[in-house]
Amino acid sequence: MARRIVLRSDDPPVSQDDLTVDYRDDLNPQQHAAATASGGPVLVVAGAGTGKTRTLIYRVAYLVETGTKPESVVLLTFTRRAAREMTTRAATLLDGRCKRVQGGTFHAFCLGILRRHANVIDFPNNFSILDAADAADVLSVLRSRGGYHQSDERFPRKGTLQKMFSAVTNRDTSLDDLLADKYPQFTHLHDDLEQLRREYRGYKQSHALMDFDDLLLRTLELFEASDAVRNKVAARCRHVLVDEYQDTNALQADLVRQFASVHGNVMVVGDDAQSIYRFRGADFRNIFQFPDQYPDTTILKLEQNYRSTQPILDLANHVIEQADRSYDKTLFSEEQEGELPAVVPAPDAQMESRFVAQMILRLREQGVPLDRIAVLFRSSHNAYDLEVALNQRNIPFVKYGGTKLSEAAHIKDVLAHLKVAENPMDAAAWNRILQLLHGIGPKTARDLIEWATEAADDPFVASENGPFSNRYISALKKLFATLRSIRDPDKALVEQVEAVLNYYRPLFEKTYYEDYPKREPDLEHFVSLAEAYDDRQTFLAQLALDPIELTALDQDGAEEDEPPLVLSTIHSAKGLEFHTVFLIRALEGNLPSRYALKEPGGVDEELRLFYVAITRAEENLFISYPMLKYQRFRGEYLTDPSRFITGIPDDVLEPVELVEADAADELEAPDDVKQLNGRVPDDAPEDEPPNDAVPSDADRPDDGLPF
DNA sequence: AGAAGGTCGTTTTTT
DNA sequence: ACGACCTTCT
């Protein structure tokens, strides 16, 4: 790299008197130092709940207020939700200018760059984005085309292939090492896999497809291919801010370096104790390497916790002590008072759900809004029982980390039609819509795709003379007619979606004949979503990169209703905070996950996950687990509580026993709230008749008699 | 040969 | 409740 001469700012030094926001008054000294730091590389190590987000928001405001153009500030966050929240809050602080800062997720930001410059790496700018499932489908096609599993030795299934290849890209390792490390059963297939991986890459290139990893990887390749482009992009990155840096992987760290390569102003914020995306290639050690990669890094620490009470932090500190970690920060709070965190063994899964649902109703009675309460779990199916219990009691909730709208098969069908209209080379989408037609299976679809994407100049015009069989010709003609009609540039997006739905409905009812009425509402939701966009390409990208939770849609009918309770995987709860947190299914094999036990370092990662869950809580924390579980084939069996909660002293984590209200009373009065020994803030006797003042309680079901 | 339809075994976490 | 695999049908 060329020698660098640093020019000093010609502007007079900024005095606090000239600023609208009172940074010194609003922030503690550590936060203030971070928010008002001058340029250059800065690493902020911030413990859970220490006002990391707040500091970044003030940082944005400060930069904008001291003369940096908002368009030249880049704020990279882990989710779009986080980016939106930050810029909105910064805007409240200062003014609307903050909304013009660039950013979002790494993937979204890279997409923007690629759309502008894709031609440099031989991609059209209307390339399609493949989500993980789409990528797996492409691999499945290539696998059968290449005849990889003709012999009777087993070949990895499509999802495994996708995971393997993604891991190779994200972890910056060789296929060899990955196989040895994680897939020893497939090491002998190394050559086949290497070849399949090459085919996959070539196929994506020739069909204008990019999977999630490509969005990062191809951006780096773009920068490598053209210094001019890199300089142009980096010139617009006057200040680069990265949130959750502990969860970035090698690719992302590389990207940050490129973005900052012109101005050198980069501030990263993170907490090594909260690194929970190892499976995606993140390595918490990255955060320690930052100072090595950027000479003269200023290191700042945030240690005062503003979120949780001291008893909750005591548990958190106790937990994280068990992990190998290089940074020592003990969180402290000024909020000394507070309930002890509780561990609640429930007799079985239904009882666990009853406990959570009833506690939520009590808290709500005491004035805690539902949306200040969260139920967290390791994996999304952990919540199935609870979802039933909540539905029975009419408690509204959103679930994060569950099935996304754009992942539902029927929505993927509709999307695929739009994708083909957008990018006629999109073989993955073609494959999907062709196989919906009666008489077309994998083989015919493959032949037709080849014709449509290679032989035909314009498949939509030349649709009269393809290699068609009478078996499906009439259905195919209808498909072409629909595609032609939605490609009309004058057609509004909503009209395009309506046209697809008109065409798709009969196919939909046939394909999902057993349960299509249940899926029907999703199609309506999809139309209303499309109304907010006028550009097809933006709409498609948005759905791919910022998928909408299915349960979030159930809520928008009831706008008058109170904001819903939050159910979330621990991963999706990152960065959020709640008055009360329930952590359910704290079981050995679930948290820590049994899969993690096999991997070196896996248990530590799970421990950090547990730590993240605990530190979401402000006032109350309940950790529960069922003592008995039921599994098909296995029947009922005794569970082991998570190793993370055994052996913690009672004065740090208080054991609580669930007691069933008198069984006779329960039969007559459905108000069957259990006693919690000394735990419930307002422990009213429960032998009264049901209280009508609790609307969502009114049609509570009888909760069965599990004993 | 290739598609359709039924059956069996199954499931971490996310952009 | 979903997908991979096997059997039967066109």
Side-chain angles (χ1 to χ4, degrees), chain A residues 76-83 104-111 129-133 135-137 140 143-144 149 154-160 162-163 166 169-170 210-216 244 247-249 251-252 275-282 376-382 384 400-404 406-409 434-435 437-447 469 471-472 510-515 518-519 541-547 549 568-574 585 589-599 602 605-606 608-609 612-613 631-634:
Chain A
L76 294 168
T77 53
F78 216 70
T79 60
R80 283 209 180 182
R81 206 155 110 230
T105 61
F106 277 89
H107 291 84
F109 188 60
C110 287
L111 175 67
I129 300 166
L130 303 177
D131 67 19
D137 287 341
S140 164
R143 184 182 55 176
S144 48
H149 60 313
R154 82 200 160 112
F155 201 77
R157 45 178 74 175
K158 60 176 184 178
T160 312
Q162 189 273 328
K163 279 200 183 98
S166 177
T169 317
N170 281 298
M210 290 211 197
D211 62 25
F212 285 144
D213 303 330
D214 288 325
L215 294 177
L216 308 183
E244 313 278 13
D247 280 323
T248 56
N249 61 29
L251 284 181
Q252 291 164 323
S275 171
I276 55 175
Y277 279 91
R278 210 171 70 117
F279 67 94
R280 220 169 76 179
L376 305 183
F377 33 85
R378 170 71 238 256
S379 57
S380 75
H381 68 256
N382 291 160
Y384 288 170
Y400 295 99
T403 315
K404 310 288 194 297
S406 46
E407 288 166 0
L434 288 172
Q435 293 210 51
L437 304 181
H438 196 267
I440 299 183
K443 180 63 169 73
T444 312
R446 213 159 74 203
D447 295 341
S469 140
R471 204 164 73 237
Y472 50 79
K510 201 175 115 266
T511 312
Y512 307 100
Y513 61 94
E514 326 138 282
D515 66 340
K518 265 186 225 154
R519 297 170 182 254
Q542 173 82 25
L543 283 175
L545 295 180
D546 191 17
E549 308 287 340
S568 175
T569 56
I570 301 173
H571 284 92
S572 295
K574 145 186 279 252
R585 296 287 201 277
N590 185 231
L591 181 61
S593 149
R594 65 177 138 289
Y595 300 92
L597 302 178
K598 293 183 220 149
E599 285 183 65
E605 172 99 350
E606 299 287 310
R608 290 192 294 269
L609 203 49
V612 168
Q631 226 171 45
R632 236 178 304 202
F633 306 119
R634 218 177 139 182

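In this text the structure is predicted, and so the values were computed from the model without any measurement. In the text below, chain A, chain B and the rest are named by the order of the sequence lines, each starting its count at 1.
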Using a cut-off of 4.0 Å on non-hydrogen atoms, how would the nucleic acid contact of [X] be classed: base, sugar-phosphate, or nothing?
{"X": "Arg471(A)", "value": "sugar-phosphate"}
{"X": "Gly401(A)", "value": "sugar-phosphate"}
{"X": "Tyr277(A)", "value": "sugar-phosphate"}
{"X": "Pro547(A)", "value": "nothing"}

Would you mind reading off the distance between [X] atom [atom1] and [N] atom [atom2], rounded to a whole angstrom?
{"X": "Lys574(A)", "N": "dT15(B)", "atom1": "NZ", "atom2": "C1'", "result": "12 Å"}
{"X": "Asp515(A)", "N": "dC2(C)", "atom1": "CG", "atom2": "C1'", "result": "11 Å"}
{"X": "Leu609(A)", "N": "dT13(B)", "atom1": "CG", "atom2": "P", "result": "11 Å"}
{"X": "Phe155(A)", "N": "dA4(C)", "atom1": "CZ", "atom2": "P", "result": "14 Å"}
{"X": "Gln162(A)", "N": "dT11(B)", "atom1": "CD", "atom2": "P", "result": "16 Å"}
{"X": "Asp447(A)", "N": "dA1(B)", "atom1": "CG", "atom2": "P", "result": "14 Å"}
{"X": "His381(A)", "N": "dA1(C)", "atom1": "NE2", "atom2": "P", "result": "17 Å"}
{"X": "Ile129(A)", "N": "dT14(B)", "atom1": "CD1", "atom2": "C1'", "result": "15 Å"}

CZ/Arg519(A): more than 12 non-hydrogen atoms of other groups inside 6.0 Å: yes
Any side-chain N or O of [X] below 4.0 angstrom from OP1/OP2 of [N]?
{"X": "Tyr595(A)", "N": "dT12(B)", "answer": "yes"}
{"X": "Thr569(A)", "N": "dT14(B)", "answer": "yes"}
{"X": "Lys518(A)", "N": "dA1(C)", "answer": "yes"}
{"X": "Ser572(A)", "N": "dT14(B)", "answer": "yes"}
{"X": "Lys158(A)", "N": "dA4(C)", "answer": "yes"}

Among the nucleotides [options], which one has an atom lying closest to any side-chain atom of [X]?
{"X": "His107(A)", "options": "dT15(B), dA4(B), dT13(B)", "result": "dT15(B)"}
{"X": "Lys443(A)", "options": "dT13(B), dG2(B), dA4(B)", "result": "dG2(B)"}
{"X": "Thr79(A)", "options": "dT15(B), dA4(C), dA4(B)", "result": "dT15(B)"}

Pair Phe78(A) + Tyr277(A): ring centers closer than 6.0 Å: yes
Within the 6.0 Å centroid threshold, strictly below: His571(A) and Phe377(A): no
Secondary-structure notation, DNA chain B, from Watson-Crick and G-U pairs under 3.5 angstrom (| other strand): |||||||||......
Lys/Arg-Asp/Glu bridge criterion (N-O < 4.0 Å) met for Asp247(A), Arg278(A): no
Any Leu545(A) side-chain heavy atom under 4.5 Å of Leu215(A) side chain: yes
Check: Arg143(A) side chain, Pro156(A) main-chain N or O, donor-acceptor pair, under 3.5 Å: yes
Backbone N/O of Asp214(A) and side chain of Asp211(A): donor-acceptor pair under 3.5 Å: yes
Residue mapping more 5' on DNA chain B - nearest nucleotide basis, Thr105(A) or Ile440(A): Ile440(A)
Which residue lies more 5' along DNA chain B, comparing Tyr513(A) with Thr444(A) via nearest heavy atoms: Thr444(A)
pi-stack flag for Phe279(A) and dT13(B), centroid dist under 5.5 Å, interplanar under 30°: yes
Residues that Ser572(A) engages under side chain to side chain donor-acceptor pair (under 3.5 Å), provided they are two or more places apart: Thr569(A)
